[in-house]
Amino acid sequence: MSLDSKIPSGPMAQKWTKHRFDMKLVNPANKRKYKIIVVGSGLAGASASASLSELGYNVNCFCFQDSPRRAHSIAAQGGINAAKNYPNDGDSVHRLFYDTVKGGDYRSREANVHRLAEVSNSIIDQCVAQGVPFARDYSGYLDNRSFGGAQVSRTFFARGQTGQQLLIGAYNSLNKEIAKGGVKMFPRTEMLELVVIDGQARGIVVRNLITGKVESHSADAVILATGGYGNAFFLSTNAMNCNVTAAWRAHKKGAFFANPCYTQIHPTCIPVHGEYQSKLTLMSESLRNDGRVWVPKKVGDTRPPSQIPENERDYYLERRYPSFGNLVPRDVASRNAKYVCDEKRGVNGGLAVYLDFEDAIKRLGEDSIRAKYGNLFDMYQRITDTNPYQNPMQIFPAIHYTMGGLWVDYNLMSNLPGLHVIGEANFSDHGANRLGASALMQGLADGYFVIPYTIGNYLASAKLDKVDTQHSEFKKAEAEVKQRTEKLLSINGKRTVDDIHKELGKVLWNHCGMSRTEKGLTEALKKIPEIREEFWNNVKVPGSGASFNQSLERAGRVADFLEFGETMCLDALTRSESCGGHFREESQTDEGEAKRDDENFSHVAAWEFNGVDNKPTLHKEKLTFEECLPSQRSYK
Amino acid sequence: MSKTINLTLKVWRQAGADTPGKLETYNATNIDVEMSFLEMLDVINEEIALDDGDPIAFDNDCREGICGTCGVVVNGSPHGPQKSTTLCQLHMRKFNDGDTLIIEPWRAKAFPVIKDLVVDRSALDRISQAGGYTGVKTGQAPEAHTIAVPKADSDKAMDAAACIGCGACVAACPNASAMLYVGAKVSHLGLLPQGKLDCDRVINMVNQMDAEGFGNCTNTYECEATCPKDINVSNIARMNRTHLVEKIIQRKNS
Ligand SMILES: Cc1cc2nc3c(=O)[nH]c(=O)nc-3n(C[C@H](O)[C@H](O)[C@H](O)COP(=O)(O)OP(=O)(O)OC[C@H]3O[C@@H](n4cnc5c(N)ncnc54)[C@H](O)[C@@H]3O)c2cc1C
Ligand code: FES
């Protein structure tokens, strides 16, 4: 099967406008006859559900949290990009487009990124009208900051809680539609199967997490807005319950999984403190605007930081990247932290580096640092019990975001007709590396301004027979869910779900983390099936399926991670180039930077499922660049 | 290796909404003080599971103090003893060796128990559905700079919008009132020009709050003291004022 990205013809800057005109429309009176399932209530899912309902569609929205407002998007701190150019510093749609394609190391689809940059400004308008309290300056106009090393100030923010405020905006709109009757909300409900009938996605099977009841829902189209898979690694900055299940079950029903090896490792997280560690906490990237990253020059120097004189400190980012210094992109900052720790110069047991505000405090005063970062410093102190105004912070990289996801075309539809994928769950806009403040932008672009148009085109052009949940495919999927639940509960082995998940996480972190090799990935590919076998023979899942059972929820998710992890490593092994967050040690420049191989790897790797123990089939979507000509990223 | 402590936990166990519950005792031994409270519960749950027991159900997700999912009452205090801190951000160094901790769910008529420490807070969502939004639809918004908003108003709106909807205010209130939650929503929207259009918002939200069975406010201010996000009780006063104004307008128009 060949992958058709359906990129509209014409000049880059006119593609989306032209496409909007070319797409078919659903007659306003007919919209309510169409039912659309949206799985997910984060920025992508909530914005899509609200907007589709406003158009008149009949929407069912699902999330596993107790309220749609608690989706993982709520945790985003730093901000959201848009090409408003309010600071008059030279930003434009074209520059945002260009920066995003370059930042993604030329592994994203140009046309999608251009559309993202085009709609970015409408997102800010929309959010302000919803009452999102973005930061303002004393004149009453919106304030912007530079984020993640961008050369212009295009990031909008609401203190350190941008994700929370954007999500509350979308949640409020969702509530408006729930009240009106256009959206029916199903919280504490987990999608466990996608139902495909005659080649079209026609519904889902879910488990009610309170009662354990397994139920089917049919629809004319299904949208997955189910977030990223960073928790495959067990430890990540993601919320505890983020998982790959919805995407993976859709993959098993035929949807291709694209670029699973593209994961983002964030350089500034609070280091691991013990075996019992359950998650890692992000310290916002904005801290690198004023903090200086260093380790001792000497190997094994255990003196407290205050006793290490200036000339015995290695400010390694400033040394290696004189022009970007501490503001190099995330992948570069993370990898360099790993290098100095590999050289045994890491602090506090070896897996941490300092992020030091001493100079900034001297220069600007403690009050001004408090005004900028007070909430982050407080959070750091709450977690570590040390005062970052007096001692440098200790940080270490952690898994943070996943650029890979289900393959979608320009219309955000997967290769399975009717199945649409938006937000972090799809793959299309960030290439091999996501720039700061652009995930929120993408989630809301997809939900507010792309899917409402493109899904209409699908509904108006597809031939949709009437189906209901009595159809045999629904019954089959329900039976599969029940069977899997029973199997998980019946093993009654000796290891807990978390214990096995941690084992998988370590394998992925060691071999498919910040730096990857053929040898390591081959080893991971041998180990993961062994861990999977151990899971299905020796896991212990207490309780029953017919009630509220958090161990069972976790078990199902880890079972999927154990299959998915293998595809992720296979993708990493197959892509023998380095690009963005995917660093293959075999492919580096003389200076130790990531070296792309455009001749052989300028493509999207989309994997087709062939059964758990069989190798998936690789499909390639060639990437062509008309506007942003690939060059080697350099931050020297 | 950091310091460890031993604790006695008395945990509320309740199989479901309609079954009676009771406190059960667990020994938490060798608890590393660097652990978070929820990591301590994780450790206990691993032990319970391997011992063929039923792990303690508790809600949580972000573990960063922002999603509002977590929350239990520890020795009478919602989210535990540390001020301005959610349960997931509370660390075991705040406790002493030998302490006994009584761990219970949020208690309120409007928050029925689902299991153990997990309660149903959907009443809060229904209050928001009754009016917690501006009417704008996707696509209708004017250019963001059309209306300048005084920084002071915007900052105050943000202070109120910082509410995480955890329900600790309800759990802390002797009357199980949800007025701090509603007040925060009213201030967040009402302080911004974009949110001023709706003239029945407060009446509708307050009616829903009453219908859900939340109690009245008798000014004990326990809600503010317990709020992990320091939402101020002045929001309740603003809600009451706006409620009155809306009532007057309603009467005039009828
Ligand atoms: C700590 C942190 C800080 C961040 N900061 C920033 C930032 O400053 N700027 C930025 O641009 N990005 C940031 N990001 C990234 C960004 O927050 C996410 O990429 C984005 O919010 C994802 O949104 P989403 O709507 O795609 O998914 P999510 O918000 O993850 O929502 C997923 C939804 O799907 C539901 N779901 C999933 N599976 C199922 C299932 N099987 N059944 C039912 N429901 C299901 C969940 O319940 C949830 O409602 C940050 C991420 C983290 C972890
Ligand atoms: S788990 Fe999110 S606030 Fe505690």
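The chains referred to below are lettered A, B, ... by the order of the sequence lines, with proteins before strands, and numbering in each begins at 1. Everything numeric here is computed off the predicted structure, so don't read it as measured data.
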Relative to chain A, which segment of [X] carries a heavy atom at a distance below 4.5 Å: side chain, backbone, both, or neither?
| X | answer |
| --- | --- |
| B:S84 | backbone |
| B:D51 | neither |
| B:N45 | neither |
| B:V33 | neither |
| B:I127 | neither |
| B:A162 | both |
| B:S122 | neither |
| B:L50 | both |
| B:D42 | side chain |
| B:V43 | side chain |
| B:D116 | neither |
| B:H91 | side chain |
| B:I147 | backbone |

Heavy-atom proximity to chain B below 4.5 Å, by part of [X]:
| X | result |
| --- | --- |
| A:L52 | neither |
| A:Q130 | both |
| A:E275 | neither |
| A:K180 | neither |
| A:Q161 | side chain |
| A:S139 | backbone |
| A:S278 | both |

Looking at [options], which has the largest count of heavy-atom pairs under 4.5 Å with chain A?
| options | result |
| --- | --- |
| B:E46, B:E64, B:H145, B:H188 | B:H145 |
| B:Q82, B:M40, B:Q89, B:R126 | B:Q89 |
| B:C62, B:A130, B:A157 | B:C62 |
| B:G65, B:G132, B:G139, B:P150 | B:G132 |
| B:G16, B:P55, B:A148 | B:A148 |
| B:L191, B:L38, B:I164 | B:I164 |

Under a plain distance cut-off of 3.5 Å, with no hydrogens placed, do [Y] and [X] share a side-chain donor-acceptor pair?
| X | Y | value |
| --- | --- | --- |
| A:S547 | A:N549 | no |
| B:T69 | B:D59 | no |
| A:K279 | A:N231 | no |
| A:T237 | A:H400 | yes |
| B:S128 | B:Y181 | yes |

Is the shortest side-chain N to carboxylate O distance from [X] to [Y] below 4.0 Å?
| X | Y | value |
| --- | --- | --- |
| B:R63 | B:E39 | no |
| B:D54 | B:K115 | yes |
| B:R121 | B:E212 | no |
| A:R69 | B:D125 | no |

Side-chain donor/acceptor of [X] to backbone N/O of [Y], under 3.5 Å:
| X | Y | value |
| --- | --- | --- |
| A:N172 | A:G169 | no |
| B:S187 | B:A184 | no |
| A:N538 | A:G493 | no |

Considering only heavy atoms and a distance below 4.5 Å, find which of [options] pairs most often with chain B.
| options | answer |
| --- | --- |
| A:I168, A:D499, A:I383 | A:I383 |
| A:T384, A:D378, A:N121 | A:T384 |
| A:N238, A:T496, A:L167 | A:T496 |
| A:L142, A:T281, A:I124 | A:L142 |
| A:K540, A:R188, A:M240, A:R70 | A:R70 |
| A:Y448, A:F449, A:Y171 | A:Y171 |

Worksheet item: Is there a ring-ring contact (aromatic ring centres under 6.0 Å, His included) between A:F134 and A:Y141 once you walk through the steps?
Response: CA-CA 10 Å; A:F134 282 125; A:Y141 291 102; over 10 Å; no
Worksheet item: Does NZ belonging to A:K502 count more than 12 external heavy atoms closer than 6.0 Å?
Response: yes
Worksheet item: Crowded around B:K151 NZ? As in, over 12 foreign heavy atoms under 6.0 Å?
Response: yes
Response to the item:
Paired with A:D385, the salt bridge (Lys or Arg N to Asp or Glu O under 4.0 Å) test is passed by just one of B:K3, B:R93, B:K94, namely B:R93
Worksheet item: Looking at A:F64, does the NZ or CZ of A:R557 lie under 6.0 angstrom from its six-membered ring centre and within 45 degrees of the ring axis?
Response: yes
Worksheet entry | Geometric class of the B:F37/B:F95 ring pair [parallel <30°, tilted 30-60°, perpendicular >60°] | tilted
